[in-house]
Structures are given as structure tokens and as C-alpha cells.
Amino acid sequence: MVRGHLVTGDDAGLGLVGHVPVAATGPMCAEGHTGCATAMLAMPSIAAAASVALLRRVGYDEILDLAEAGDPAAGRIVANAGHALGRLLH
Ligand SMILES: [Zn+2]
């Protein structure tokens, strides 16, 4: 959400910083970067990481629910995204 409007798309909300490196390792984005902001923070990237870990298709909202419920893989993915966001904002 930006100023009350829902923003959608792979780079929603990331704007010009979408491909800034934020992790030395991590998933790859469509541009071939490893650990860039899009690869670590875009909702489809987070959903893809969880789907790989849990061996089934997992939606973004479900990942947050699983993490809150104590699922170790979902919790780690959310924590990694949080750390990446911290590096992006630093
Ligand atoms: Zn990238």
C-alpha cells in the first residue's frame, strides 16, 4: 500500500532500489542478480522461496501465518527478508 493505494507487481514498492544487493547469498531475480532487493523482498520472491522449502505452492499471506505459528522454514524466510530490508534501509 502506498498512500492508500494498492501497488501490485513484482517490484511493487521497491522502485529504483529494486536490484540493490542486500544479501551475499540468496535467491536469484529475473535479471540474474543473487540476493538483490527484488530477489529477497518482492512478495513473489518470498512466496517462491517458501514454495521451494515447503515443497508445495505457498501464498504470501500463508507464509506470514506459518511463520507466526512457528513453522521453521517460513520463519527463516521472513527473518531473512527482514534482515534484507534492514540492509536496504541502512
Ligand atoms: Zn535483481
Side-chain angles (χ1 to χ4, degrees):
M1 299 293 286
V2 177
R3 295 183 182 150
H5 298 282
L6 179 64
V7 178
T8 60
D10 289 353
D11 289 336
L14 296 177
L16 295 176
V17 297
H19 294 282
V20 169
V22 292
T25 62
M28 185 182 296
C29 77
E31 300 297 321
H33 311 133
T34 297
C36 76
T38 294
M40 296 298 295
L41 297 171
M43 289 167 65
S45 300
I46 292 171
S51 296
V52 168
L54 299 176
L55 301 176
R56 63 181 177 86
R57 184 176 286 277
V58 183
Y60 184 77
D61 290 339
E62 185 183 359
I63 297 161
L64 299 181
D65 290 342
L66 287 168
E68 189 172 357
D71 180 273
R76 183 61 180 260
I77 290 165
V78 171
N80 286 348
H83 288 135
L85 180 60
R87 283 186 215 106
L88 181 64
L89 298 176
H90 187 264

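Just so we're clear, the structure is a prediction, and the values are computed from it rather than from any experiment. Read the numbers this way: they start at 1 and go in the same order the structure lists the ligands and their atoms.
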**Student:** Main chain of V58, side chain of S51: is a donor-acceptor contact present, judged purely on distance under 3.5 Å?
**Tutor:** yes
**Student:** Return the name of the atom in H19, of element N, O or S, nearest to the Zn ion (ligand 1).
**Tutor:** ND1
**Student:** Which heavy atom of A67 sits nearest a heavy atom of V78, and at what distance?
**Tutor:**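 Minimum heavy-atom contact is CB-CG2, 3.9 Å.
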**Student:** Restricting to N, O or S, what is the name of the atom of H33 that lies nearest the Zn ion (ligand 1)?
**Tutor:**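 Looking at H33, the N, O or S atom with the least distance to the Zn ion (ligand 1) is ND1.
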**Student:** Verify, without hydrogens or angle tests, whether S45 (side chain) and M40 (backbone) share a donor-acceptor contact under 3.5 angstrom.
**Tutor:** no
**Student:** Can any side-chain N or O of H33 pair as donor or acceptor with the backbone N or O of C29 at less than 3.5 Å?
**Tutor:** no
**Student:** Please report, to 10°, the angle around the Zn ion (ligand 1) from atom SG (C36) across to atom SG (C29).
**Tutor:** 110°
